[in-house]
Amino acid sequence: MTQRFDGTRDLRRAVDRLARRLPEPLEDLAWIAYNYLWAWTPGGDELFTDIDDHRFKLAGENPVRFLLNLPERDLLRVATDESYLELLESVARRMEAELARPVTQVVPEGPVAYLCAEFAVHQSLPVYSGGLGVLAGDYLKETSDQALDVVGMGLLYRRGYLHQRMDLSGWQHEYWVEANTGQMPIVRVRGEDGLPIKVRIPVWDAELVAQVWRVNVGHTVLYLLDTELKENTPLERWVTSRLYEGSHDVRLAQYALLGIGGMRAFEAMGVNPGLFHMNEGHPALASLEVASRTAQPVGGGDLTARLDAGRDRFVFTTHTPVPAGNETYSPEEFFRVLGHTVDEMGIDRAQLAALTRVDESSTSEPMGFSPLAIKCSRNTNAVSRRHGEVARGMWNPLYPQLTEAEVPIGYVTNGVHLPTWMAETMRDLLGKVLGADWERHANDPSLWAHVDEISDVDLWNARCAMRQDLVDMVRDRIVVDRLARGDDVGHAMSGLDAFDPANLTLGFARRLATYKRLDLLFHDVDRLRRIIDHDQGAQFLIAGKAHPLDNEAKNVAKNLFSVERSLDVPNRVIFLEDYDLRVAPALVSGCDVWLNLPRPPMEASGTSGMKAAMNGSLNLSVLDGWWSEGYDGRNGWAIDGSTLDDPHAQDERDANILYDLLEREVKPMFFSRDANGIPVQWLARIRASLRSLAPTYSSARMVDDYVSRVYRRPGA
Ligand SMILES: *Cc1c(COP(=O)(O)O)cnc(C)c1O
């Protein structure tokens, strides 16, 4: 076996270094801090919050930074605290046992490499923006839980994704915070000579150099590439600065680094994946790198023949149901950035350009990553049943000889990582009826039949507790948000009475893109006012970031602010700033109803509604994405998912359905109580939602599907 320089040694050194700074009884904290498994192990959070909750938050919930900056007296205090040491012992032994489980090969040729432009593993590793990253992070955690032989490859964006500040008018401003890699739970991977491993790719007219970082996510290892190196120019260093950078040049360089650089990093580390899973089109250039290393087949060395030889090692997941969402580039910009790379790989530019087009004979069609990824993979899948239909239609032109139904694009519906997304209150409640260790077989539908055994009182109390937690968080944050944007003190402080913990609480949190149609909520302000202004009231919590260049989406948020100001009852519509992994768990667990209003068929899947369902929150959503297969008539509410040619007519129709449902079904059911004050019908719907959705829309089911239907290809 060839020796691997995959960062194992480097990680051990970093752990030893940290351990030496800790009192002896606390040494286990060092290796725990360097493995994100703590974040979804029961008691893991408390290991740090029990020492100093406030400081842990200030450290961005990054355990390495937290421990490195903790005053010695705090360490000495817990080092002699019996109950703390017991907690440490139990979490450490649990994590050790978990990590000692043998790893299962997925394919015989080597690990599955999961390539993605973003990963949302934890708030302290800010290399994600939204849904795609959360999916990738949940996937890594799940492959760890199943002890599968999987590695991840991504980019270490030093400034991550934008932070959001709203001004008084409701206009979004962005800022970025640079990470201090020296205090993160990541290590630089070093080679045999003890020097950091570096990969090089020609970009622009120079050579882009990147180093490799290793992050442990349970059993699963995530590698991140980073160009913050002295040998790079400031422009080249900027390549891994920010996620979803507006500049096409920078994006192309990022995708080259992820795809081509990722392959070179694996090779340099001695990691030999048997299968590459491209999650969305960004890493598609990986296939070119593998093809260029493939020996020229006898009788011809053209690109197609070489790609054919490599195709068996690639699978592709598409996430974009609209042509405009698939990023494309003009040949001029593409080759300005990547011309030398392509030349160096011995690939003909015109041939490559053709491969990136739907119509290969066109010279005017821009170059796209999705056509390239589809053509270079042995399998392409969409992320929900409906998205599968949409994708087959959208990509039918790639297969002119096939009918739409014959287009070889299947689907694996997304799922969410239950231990990450289910609130402790809910987990404790379910533990009582589902039995010990239920999370290990959470995708077994028969297990969930037991939710009927939870008493009305217990279920309602749990729901009320989660709503109360959310209201507390909202009150805390809204005052500060308002003061920060210069609101007058009176208005800011009125936030302390924001929301009513007894009210019907509806949540809408997602990327502020116009197709998500947040504006449907205030399509008819008078109706909205009546829904809110009532003794039995409703309240809306809204959050989400707009892309910095998306002024249309920013205007939607701005409108929301002016609507909010025009309502007679203040503090019933609240916009929470800077939606990310820190606030998402409280939102998906605390809201009674989770709203999703995409313009169909533009929601490929959506996952936040799945997180909500796991917590006993009910979905009210357009029948698009996952909800068009998840909704069964009893487990939530649905808005017609058919499409009208006139988008205004469609908005009008859909907004009316939304208001009708809220007025006639949702509010009356929530406020219809029995003699004990319990909304019995509401709870029946929650049970139906848990039974039907929790086992199916988990990452456990999703990863099972990928393994059996995509990676291992039955019958192939
Ligand atoms: C789950 C999640 C998303 C994705 O939600 P959608 O329903 O797919 O829009 C985005 N951002 C954060 C922070 C999330 O937790």
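Every number for a ligand or one of its atoms is a count from 1 in the order of the listing.
- The distance criterion of under 3.5 Å between nitrogen or oxygen atoms is not met by Trp421 with respect to ligand 1.
- When each atom of ligand 1 is checked for a heavy atom of Arg510 under 4.0 Å away, the hits are 7 (O), 9 (O).
- Summary of contacts: the protein heavy atom closest to atom 7 (O) of ligand 1 is Ser608 OG, 2.5 Å.
- For atom 3 (C) of ligand 1, the closest heavy atom belonging to the protein is Lys611 NZ, 3.7 Å.
- When the salt bridge (Lys or Arg N to Asp or Glu O under 4.0 Å) test is applied to Glu245, the partners found at least two apart in sequence or on another chain are Arg242.
- Here the heavy atom of the protein found nearest to atom 9 (O) of ligand 1 is Lys516 NZ, 3.1 Å.
- Checked against the 6.0 Å centroid criterion, the rings of Trp176 and His163 do not qualify as a close aromatic pair.
- Ring to ring, Tyr223 and Trp213 are not that close: their centroids are 6.0 angstrom or more apart.
- Near Ala584, meaning under 4.0 Å from any of its heavy atoms, are these atoms of ligand 1: 15 (O).
- With hydrogens left out, the protein atom closest to atom 10 (C) of ligand 1 is Gly131 N, 3.5 Å, a heavy atom.
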Worked verdict on Glu577 versus Lys545 for salt bridge (charged side-chain N to carboxylate O under 4.0 Å, His left out): CA-CA 8 Å; Glu577 284 181 5; Lys545 296 172 180 172; over 6 Å; no
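- Remark: ligand 1 atoms within the under-4.0 Å shell around heavy atoms of Gly130 are 10 (C), 11 (N).
- Side-chain atoms of Trp627 never come within 3.5 Å of backbone atoms of Asn596 as a donor-acceptor pair (strictly under, hydrogens ignored).
- When atom types are taken as modelled, the side chain of Asp167 and the backbone of His173 share no donor-acceptor pair closer than 3.5 angstrom.
- The list of side chain to side chain donor-acceptor pair (under 3.5 Å) pairs with a residue in residues 114-127, not counting sequence neighbours, reads Tyr36-Ser124, Glu61-Gln123, Tyr114-Asn279, Glu118-Tyr244, His122-Ser124.
- Aromatic rings from Tyr706 and His277 are positioned such that their centres are separated by under 6.0 Å.
- The protein heavy atom nearest to atom 8 (O) of ligand 1 is Thr607 N, 3.1 Å.
- Atom 12 (C) of ligand 1 has as its closest protein heavy atom Tyr579 OH, 3.5 Å.
- Residue contacts with ligand 1, taken as heavy atom pairs separated by less than 4.0 Å, involve Asp580 solely via the backbone atoms N, CA, C and O.
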